[in-house]
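Have a look at the structure below, then the notes.
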Amino acid sequence: MDNLPIKMRAHGVDFFYGQHHALKNINLDIAKNHVTAIIGPSGCGKSTFIRLLNRMNEMVPNTTLTGKIYLDCLDILSPCIDPAEVRRRVGMVFQKPNPFPKNIFENISYGLEVNGIKNKQLIEDRVVESLKKSAIWDEVKDRLHDSALRLSGGQQQRLCIARCLAIQPEVLLFDEPCASLDPISTRKIEELILELKKDYTIAIVTHNMQQAARISDYTGFFLLGDLIEFDKTEKIFKAPHDSRTEDYITGRFG
Amino acid sequence: MNQNTIQKIGFGFLSFSVIATISFLFIIIFFIAARGIRVISWEFLTAGPRDGMTAGGVAPAIVGTFYLTLGAIIFALPLGIACAIYLCEYSPKGAVVNIIRLSINNLAGVPSVVFGLFGLAVFVKFFNFGASILSGSLSLGILVLPLIISATQEALLAIPHSIREASMALGATKWQTIKKIVLPAAVPGILTGTILSIGRVAGETAPILFTAAAFYLKGYPKSVFSEVMALPYHIYALMTEGVYPEKQTAIAYGCSFILLVLVLLVSGLAIFIRQRQRSYYHG
């Protein structure tokens, strides 16, 4: 990987849902301040993989995980690490916008409050800052105390991004963030991701190959739990090494 | 027969069912109101009974019902909500929890007089609370626990998993997630359960028969260890005892009317609160 600084590293990761072998010996590096896209057909394990990076999958009962995942030099799977600590440093935006049934301000301040920040002024500053960074400030600045559920889908998703940014994570994980959005909202989210990579390390799961091509620097192609190919996005889309990758990106299956 | 005719017959049957149900409801309300409203006066609402229950008011029974209902809700609401939270959010999924759930649902089907006997044996005799507001409230509380638990469980299960995930992904603990995200969002549903419980508690006779209610008392209860008069039991007493059935029946309808109005008022208030919460939480 061109000797770029690595922010997260999966090393020999296997994952099981009960007996089902969902991820097989995955080795993948996520470069700092770059966008890494994970593509592949439904059920290939791409969402499962990204949810390992902030330890969300351990809330699913009856699963087994082996291998190592590092955040910088920290082994995040080590039993002495608090998963909440990992999640503070590795934020996540989900497939469907999932704002809390609270007002817009509270949606952002919640993350700060649960992490022990009590200073009102600091909270207020962070809320404004995160809303601005997520390119939604102009749309909501006059109605911060309205229910977040009154926002449109695209606005809700940007609010969810703002909610992540407020607790100042280092890595942002996006799990098909545009799957339920219209093309205009999708474009806004994509522009935002490109803007955010200056300050954050980003991994995005997407079904949309054009999206991966547009916004990512590196792309990994998953198929049936295997990481088939992982390379620079340009390379994956112009001259894939593996014929299965080529078949998928040219639309022959998936 | 063509499909449209079948559909029309189907819809016809469905709307008939709704109309029949609503008619029963209105007939009951009208019947009670027409007979009850005649005896309602300022004295009826504020004075105690006199002349061997044939005149005067029912104020002590109103006050007694208020205390019993309040006591039952104070006891059962926190306990029921806590129990539901544990069953829904914390307990490991499996056979044991299913059996517990099933037992709670079955508890809801136990005849109310059984709770009365249980209250008599446990609260009145064993704990020696005597026939009192305390014993009556506890018996009524146990009676509505299953109702509150299942309503709360329904409300909690209706909260989407996605917002719990969102909260956990921000580094919140499970406890923080439940306290600050899940419970506030479940309030409208829990309120619905509470409304139903209040109506149920205020109207129950059997559980207080042996544990709290008195046929006639001078004055108002002085502490939680006092016996009380209560509206439903007062109605029962008026209709089964005494020597002036006509006068007593009229008073019984008056009591029924008051009970009905009280329950409707409480429900109305709770529905109002619930709607406000809903419109806030659901955009």
Side-chain angles (χ1 to χ4, degrees), chain A residues 50-51 53-62 82-104 106-117 145-152 156 159-161 163-169 172-173 175 180, chain B residues 81 85-98 100-101 151-152 154-192 272-283:
Chain A
I50 204 176
R51 288 167 63 93
L53 301 179
N54 67 341
R55 293 186 60 172
M56 285 304 277
N57 272 344
E58 60 199 64
M59 283 151 50
V60 183
N62 200 19
D82 178 6
E85 181 56 39
V86 175
R87 292 174 194 146
R88 259 167 242 149
R89 295 179 58 186
V90 184
M92 182 165 231
V93 176
F94 296 83
Q95 185 170 351
K96 270 177 76 181
N98 53 358
F100 301 125
K102 295 175 176 290
N103 71 37
I104 293 168
E106 290 164 340
N107 258 276
I108 314 291
S109 64
Y110 175 76
L112 300 167
E113 278 154 21
V114 296
N115 287 305
I117 296 176
H145 296 283
D146 276 9
S147 169
L149 299 173
R150 288 199 197 112
L151 298 172
S152 73
Q156 288 189 0
L159 182 73
C160 292
I161 296 173
R163 180 170 72 183
C164 276
L165 299 185
I167 55 171
Q168 302 186 326
L172 289 174
L173 307 174
D175 188 359
S180 61
Chain B
I81 292 176
I85 293 175
Y86 178 79
L87 287 175
C88 264
E89 309 282 340
Y90 278 101
S91 64
K93 308 276 173 277
V96 179
V97 174
N98 285 338
I100 295 176
R101 285 219 178 109
T152 308
E154 294 292 319
L156 292 174
L157 290 174
I159 307 303
H161 185 63
S162 63
I163 66 168
R164 297 165 209 250
E165 273 196 327
S167 169
M168 302 289 281
L170 289 169
T173 60
K174 200 163 185 178
W175 180 247
Q176 287 173 319
T177 303
I178 290 169
K179 200 176 95 188
K180 298 188 172 182
I181 301 291
V182 179
L183 266 187
V187 162
I190 297 173
L191 268 179
T192 313
F272 174 72
I273 298 171
R274 191 180 67 185
Q275 283 317 85
R276 278 193 43 179
Q277 293 268 349
R278 256 200 197 144
S279 61
Y280 182 72
Y281 281 119
H282 301 278

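Predicted model only: the values in this text are computed from it and were never measured. Below, chain A is the first sequence line, B the second, and so on; all start at residue 1.
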Next on the checklist: As an exercise: rank B/Ala169, B/Pro160, B/Ser162 by heavy-atom pairs under 4.5 Å with chain A and give me the winner.
Outcome noted: B/Ala169
Checklist entry - What's the spacing between B/Ile159 CD1 and A/Phe100 CZ if we round to 0.5 Å? => result 12.5 Å
Item to check | Spacing of B/Leu170 atom CG and A/Asn54 atom CG [to the nearest 0.5 Å] | outcome: 10.0 Å
Checklist entry - Given that the side chain runs from C-beta out, which part of A/Arg89 has a heavy atom under 4.5 Å from chain B: side chain, backbone, both or neither? => result neither
Next on the checklist: Ignoring hydrogens, what is the shortest heavy-atom contact between B/Ile163 and A/Pro99? Give both atom names and the distance.
Outcome noted: CG2-O, 3.5 Å
Next on the checklist: Rounded to the nearest 0.5 Å, what separates atom NZ in B/Lys180 from atom OH in A/Tyr110?
Outcome noted: 7.0 Å
Next on the checklist: Quick check on B/Phe272: does its CZ atom have over 12 non-hydrogen neighbours (other residues, nucleotides or ligands) under 6.0 Å away?
Outcome noted: no
Checklist entry - Taking all atoms of both residues into account, what is the closest heavy-atom pair of B/Gly171 and A/Ala84, and its distance? => result O-CB, 3.5 Å
Checklist outcome for this item: What one should report as the nearest heavy-atom pair of B/Met168 and A/Met56 is CB-CE, 4.5 Å
Checklist entry - Does any heavy atom of chain A fall under 4.5 Å from the side chain of B/Thr173, the backbone, both, or neither of them? => result neither
Item to check | Minimum heavy-atom distance between B/Ala166 and A/Asn98, given as atom pair plus value | outcome: CB-ND2, 3.4 Å
Checklist entry - Just wondering, more than 12 heavy atoms not from A/Lys96 lying within 6.0 Å of its NZ? => result no
Item to check | Shortest non-hydrogen separation from A/Lys102 to B/Ile181 and the atoms involved | outcome: CE-CD1, 3.5 Å
Checklist entry - What residue, out of A/Glu85, A/Arg163, A/Gln95, has the most heavy-atom pairs lying under 4.5 Å from chain B? => result A/Arg163
Checklist outcome for this item: So CD of B/Glu165 and CE of A/Met92: to nearest 0.5 Å the spacing works out to 8.0 Å
